[in-house]
Amino acid sequence: MKLVAGNWKMNGLAASEKVIDELLQGLAGQSRLPEILICPPATLLVLFARKLKGTPILVGGQTCHPNPSGAHTGDISAEMLKDAGASHVIVGHSERRTDHKETDEEVLRQSVAVRRVGLSPIICVGENESAYAAGQTKAILSGQLKGSIANRTDEQALIIAYEPIWAIGTGRTPTIQEIVDTHGFIRQFVAAAFGNYPKGLRILYGGSVKPSNAREILNAEGVDGVLVGGASLKSTDFLPIIAGCKLD
Ligand code: PGA
């Protein structure tokens, strides 16, 4: 099943419940929907999870601490996210890697924590502008994948989000052929590195997904969904993105 995920980042107040109402109204009566996920800021997680219980929209966290609890001021554990009603947790988003100096090793520990509580990690990888320009995309991705994915063969719930940093929030995207090639590379790399590990592996594309390009990206070979930032904040953008998902 394809996944259309919205990452609200550090956006949203209690009044943003209105967006959720609009999404529910827009989806009402539709049966052939992809998996839909909203990752709001932690302050809205419980509110949204209660509101969305029993609806087609899931909620997720944007990061987590590897430990279950303890003296880590300001952090949130995977246990807490599960308790709040999350089904997925984004880990290793490039903004976390930059703003909070998160390393591949830290991202791996977070993804292990997410699996510890039975939720699905969405592990983000992607090259920056200069690596892209230098043709280093695959080398960068190999390092990130090797470093941030746990070597366990029983994994079923793994999701990788390919998010070129230069495409995030910029309006620029790789060509469809580049997305297809890179997703193919990630799938092969994970298979080679971890054996038959990625049976249920899904690979999302993220970076400037919007209503005008969503359909083509979502239906490209090897694309199992999208991770949407800015365009997930407004129902008038997010609903057409969801509608661009052709179900198998
Ligand atoms: P964007 O962000 O859709 O605003 O480019 C994507 C992301 O960071 O996940």
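Counting starts at 1 for both ligands and their atoms, following the listed order.
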Got the closest protein heavy atom to [atom], with its distance?
| atom | answer |
| --- | --- |
| atom 5 (O) of ligand 1 | G169 N, 2.6 Å |
| atom 2 (O) of ligand 1 | K9 NZ, 3.3 Å |
| atom 6 (C) of ligand 1 | G229 N, 3.5 Å |
| atom 7 (C) of ligand 1 | E163 OE2, 3.2 Å |
| atom 4 (O) of ligand 1 | G230 N, 2.8 Å |

Where does A167 meet ligand 1, judged by heavy-atom distances below 4.0 Å: at the side chain, the backbone, both, or neither? backbone

Rounded to the nearest 0.5 Å, what's the gap from CD1 on I241 to CG on L218? Could you check? 8.5 Å

One pair to check against side-chain contact (heavy atoms from CB on, under 4.5 Å): T173 and Y205. What are the steps and the verdict? CA-CA 10 Å; T173 58; Y205 169 78; 3.8 Å; yes

Subset of ligand 1 atoms that lie under 4.0 Å from at least one heavy atom of H93: 7 (C), 8 (O), 9 (O)

Give the atom numbers and elements of ligand 1 that come within less than 4.0 Å of a heavy atom of S208. 1 (P), 3 (O), 5 (O)

Ion pair check, R109 and E105, cut-off under 4.0 Å: no

Please determine whether a side-chain nitrogen of the Lys or Arg among K82 and E79 lies less than 4.0 Å from a carboxylate oxygen of the Asp or Glu. no

Does at least one non-hydrogen atom of G206 fall below 4.0 angstrom from an atom of ligand 1? no

Would you find more than 12 non-hydrogen atoms of other residues, nucleotides or ligands less than 6.0 Å from E216 atom CD? no

Taking T63's backbone N and O only, do any of them form a donor-acceptor pair with R96's side chain (distance below 3.5 Å, no angle check)? no

